[in-house]
Amino acid sequence: MRNFYKDDPNLAFLLKEYLAPEFFQWAEQELIEYGELCANEIDERARHTDREGQPKLVKYDKMGNDISFVWRNEGYMKTVKQTYDRGIVGYVHKEIPALEQKGNYIYSFAQGYLLSQTEPGFYCPVTLTMATAYLIDHYADEDLKNKFLPHVLSTGEVELYEGATFLTERQGGSDVGANETLAVKEGDHYKLTGEKYFASNAGACGVAMVLARIDDQKPGTKGLSLFLLPWKMEDGSNNNLSIRRLKDKLGVKAVPSAEVLLNGSKAYLVGEASKGFSYMAEALNLSRLCNAIASVGIMQRAYLEAKSYAYERGAFKQKLKDFPMIRESLVNMKVKQEVEVSAVFSSIALFDKVASGKSVSEEDQALNRLLIALVKKESAEQAVHFSHEAIELHGGNGYIEDFVTPRLLRDAQVLTVWEGTENILGLEVLRLIHKYNVHKLFFKEMLDDLNHLPNHLADEAERVAEAIDSAEQRIDQICKMDESRQTYHCKRMTKWLTDIYECTIALKDAARGGERKVVIAKLFIENTLQNDRYVLNDLALTHYERIVEDVHEFSELQNN
């Protein structure tokens, strides 16, 4: 029986680096069970949801009252229970009974990585619930925490309240400062009036975190406050809100995304007034990491499907896997995917530190924002590329809905859009360079990592160091240009930083992962930093068996 955790020894390799031994032993058993669920039961239900069981809006009850109820199929609801009860959100913020200690984001994202290989559409509501939990836990007063947080963190002991974050409005889109939703104080709460144009998990959530203006005379993002909006009143009635329609999306069909009208809906202020955008920006960093996890999950599934098909399908009297060009594709996919996952988990480790709020420097906060922007952008683009590559390796069958490959491509496409497009992320990197000189901090960190590598990686480390020197000179040159030209080059700078980060990550893995990881690092650096695009090499063919076929031998070496 297929098991997404056992199929990917690289995940265990990474978790051993970031989890204490006792935590890892417990987590591995949980992930083995969940990996089997994701590869089988949940995968079958995900196909049903995508094809026949998509969420449906029940606008009115039999008496004509607007109930704006969103129906979700029974199988999907079983996946909801199986996932939340395992603590994908709850154990970030509360104690794991078996360990008598609180969990962390590393473990949560390991679960999300497995889930995203089968149902990235459901990982969106999980992401929104994680963001909701973060905001309540960090900024809500004690009364709100006591009333709502146990439900958002539920692992089966109380009713689950899934979360949502309602930001986007029709007139602004990514320009959140253009939001117009108003909040009027009424006793101990506020009444919200306005429209949220792309509200994901609408009708499925128990609570939503919403941006609105208390003072409509204060423009831009500085005038926005954060509110906790219960979807229903305490008696179960509608909280003066209405769903106009569900969005008919290209992919991620499992998540209901809606246009929501707030008609004096009851809500509670979270944190200080007019700091809502700042709070939500922190949650956005978390959501961007979730986006990256969904992306590398799709990359892994696309690779597994491509490899499985190549080993099974025959053509011209031999298996597809025996053709050199197929071997090169599989090697390059595996090399990129392993390095990408490692880069994402490295950024998660820093985020976990920053989110804890313990002895975090301004430099750590700046690097945290930078690394999240880098891995979000790169992984999302690669999810689309991997899905396309898997379809091409399947040939005509890859375009047929009997196979998972069309859904992978449809689901992957949204990841380049959600939580910031390439343009938005490029501008974020440019802002960080201006505000914190973050590229200098970044290069210092990377050079320090390179200087601590063993001697047998010296040649590759020197090559990356040369790339750092070149990138630093060019970025300094760009920073002297006018604003228009800086924005023109911001995506280019982001790509340079990403390449350097991932090459460094590949070498750090090689330093502790044995000969297979060394080969992966060398091939990754060759593919990423080659100056001559007409260079000829056969590294992919030379090391095919070690990279593609010896993956479980690599796992056994790590266990010895």
Side-chain angles (χ1 to χ4, degrees), residues 4-5 8 10-35 38 83-116 123 125-139 145 149-150 152-157 163 282-294 296-297 341-361 364-365 367-369 371-372 375-376 379 505 508-509 512:
F4 287 155
Y5 182 80
D8 188 10
N10 186 56
L11 179 57
F13 170 75
L14 295 173
L15 293 180
K16 286 179 183 177
E17 175 75 2
Y18 295 114
L19 298 178
E22 183 182 4
F23 195 163
F24 172 77
Q25 289 177 4
W26 174 85
E28 182 164 58
Q29 291 306 309
E30 291 289 314
L31 293 171
I32 288 172
E33 292 177 11
Y34 192 55
C38 287
T83 299
Y84 284 108
D85 283 2
R86 287 182 174 272
I88 195 169
V89 176
Y91 289 156
V92 175
H93 300 270
K94 67 181 184 181
E95 186 178 277
I96 300 170
L99 297 177
E100 298 184 340
Q101 69 177 69
K102 191 169 74 171
N104 56 32
Y105 281 106
I106 293 290
Y107 174 61
S108 172
F109 281 122
Q111 292 174 292
Y113 174 64
L114 298 176
L115 176 62
S116 296
Y123 193 51
V126 171
T127 296
L128 296 169
T129 307
M130 289 173 71
T132 299
Y134 177 95
L135 290 167
I136 296 174
D137 196 19
H138 280 73
Y139 296 112
K145 283 184 184 179
L149 195 56
V152 177
L153 302 182
S154 176
T155 48
E157 64 283 346
E282 292 183 30
L284 180 63
N285 281 326
L286 171 56
S287 296
R288 283 175 173 171
L289 277 176
C290 291
N291 200 101
I293 281 291
V296 292
V341 173
S342 186
V344 171
F345 271 91
S346 177
S347 65
I348 291 167
L350 179 56
F351 174 82
D352 218 342
K353 176 183 176 182
V354 170
S356 72
K358 297 177 182 177
S359 302
V360 178
S361 66
D364 279 340
Q365 294 180 43
L367 283 170
N368 177 54
R369 288 172 59 183
L371 297 185
I372 289 172
V375 298
K376 191 280 177 188
S379 62
I505 289 291
K508 289 173 69 177
D509 286 351
R512 65 183 186 89

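All of these numbers come straight from a predicted model, not from anything done at the bench. We number each residue from 1, following the sequence as shown.
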> Does any non-hydrogen side-chain atom of Lys94 lie less than 4.5 Å from one of Thr155?
Replying inline: yes

> Between Tyr105 and Phe351, is the ring centre distance below 6.0 Å?
Replying inline: yes

>> Just verifying a value: how many Å separate Leu153 CG and His93 NE2, rounded to the nearest 0.5 Å?
In response: 6.0 Å

>> One pair to check against side chain to side chain contact (heavy atoms under 4.5 Å, CB included): Asn368 and Asp364. What are the steps and the verdict?
In response: CA-CA 6 Å; Asn368 177 54; Asp364 279 340; over 6 Å; no

> Leu31 and Ala110: which non-hydrogen atoms are nearest, and at how many Å?
Replying inline: CD1-CB, 4.0 Å

> Do any N or O atoms from the side chain of Ser116 and from the backbone of Tyr113 form a donor-acceptor pair under 3.5 angstrom?
Replying inline: no

> Stepwise, does the side chain to side chain contact (heavy atoms under 4.5 Å, CB included) test hold for Leu19 with Ile106?
Replying inline: CA-CA 8 Å; Leu19 298 178; Ile106 293 290; 3.8 Å; yes

> Should the ring pair Trp26 and Phe23 be called parallel, tilted or perpendicular, given that the plane angle runs from 0 to 90° and is split at 30 and 60?
Replying inline: tilted

>> Using every non-hydrogen atom in the two residues, find where Ala131 and Ala283 come nearest and quote the distance to one decimal.
In response: CB-CB, 4.1 Å

>> I'd like to know if the side chain of Tyr5 pairs up with that of Glu33 as donor and acceptor (distance under 3.5 Å, no hydrogens or angles considered).
In response: no

>> Is it the case that over 12 heavy atoms from other parts of the model lie below 6.0 angstrom from the CD atom of Glu100?
In response: no

> For the side chain of His138 and the backbone of Ala355, is there at least one donor-acceptor N/O pair under 3.5 Å apart?
Replying inline: yes

>> Quick check for you: to the nearest 0.5 Å, what is the distance between Tyr84 atom OH and Ser154 atom OG?
In response: 10.5 Å

> Any side-chain heavy-atom pair from Tyr107 and Val92 closer than 4.5 angstrom?
Replying inline: no

> Can you name the closest pair of heavy atoms from Lys145 and Ile136 and give their distance?
Replying inline: CE-O, 3.3 Å

> Between the side chains of Tyr18 and Asn104, is a donor N or O closer than 3.5 angstrom to an acceptor N or O?
Replying inline: no

> Which distance, rounded to the nearest 0.5 Å, do you find between the CD1 of Ile88 and the CD of Glu30?
Replying inline: 12.0 Å

>> Take a 6.0 Å sphere around CD of Glu22 and say whether it holds more than 12 heavy atoms from other residues, nucleotides or ligands.
In response: no

> When you check the gap from the basic side-chain N to the acidic O, do Lys508 and Glu17 get nearer than 4.0 Å?
Replying inline: no

> Would you say Asn10 and Leu14 make side-chain contact, with heavy atoms under 4.5 Å?
Replying inline: yes

>> For a 4.5 angstrom cut-off between non-hydrogen side-chain atoms, does Gln111 reach Thr83?
In response: no

>> How long is the straight-line distance from CG of Asn291 back to CG of Leu286, given to the nearest 0.5 Å?
In response: 11.0 Å

> Where is the tightest heavy-atom contact between Ser342 and Asp509, given as atom of each residue plus distance?
Replying inline: OG-OD2, 2.8 Å

> When rounded to the nearest 0.5 angstrom, what is the spacing between CD1 in Ile293 and OG in Ser287?
Replying inline: 13.0 Å

> Is Arg512 close enough and on-axis enough to Phe13, meaning under 6.0 Å and within 45°, for cation-pi?
Replying inline: yes

>> What's the separation between atom CG in Leu149 and atom CG in Leu135, rounded to the nearest 0.5 Å?
In response: 11.0 Å

>> I'd like to check Leu15 versus Glu28 (side-chain heavy atoms, cut-off strictly below 4.5 Å). Are they in contact?
In response: no

> So which heavy atom on Leu371 is nearest to which on Ser347, and how close?
Replying inline: CB-CB, 4.0 Å

>> As a test of understanding, state which of Phe4, Tyr123, Phe109 forms a side-chain contact (heavy atoms from CB on, under 4.5 Å) with Leu114.
In response: Phe4

>> If I compare all heavy atoms of Ser379 with all of Val296, which pair ends up nearest, and what's the gap?
In response: CB-CG1, 4.2 Å

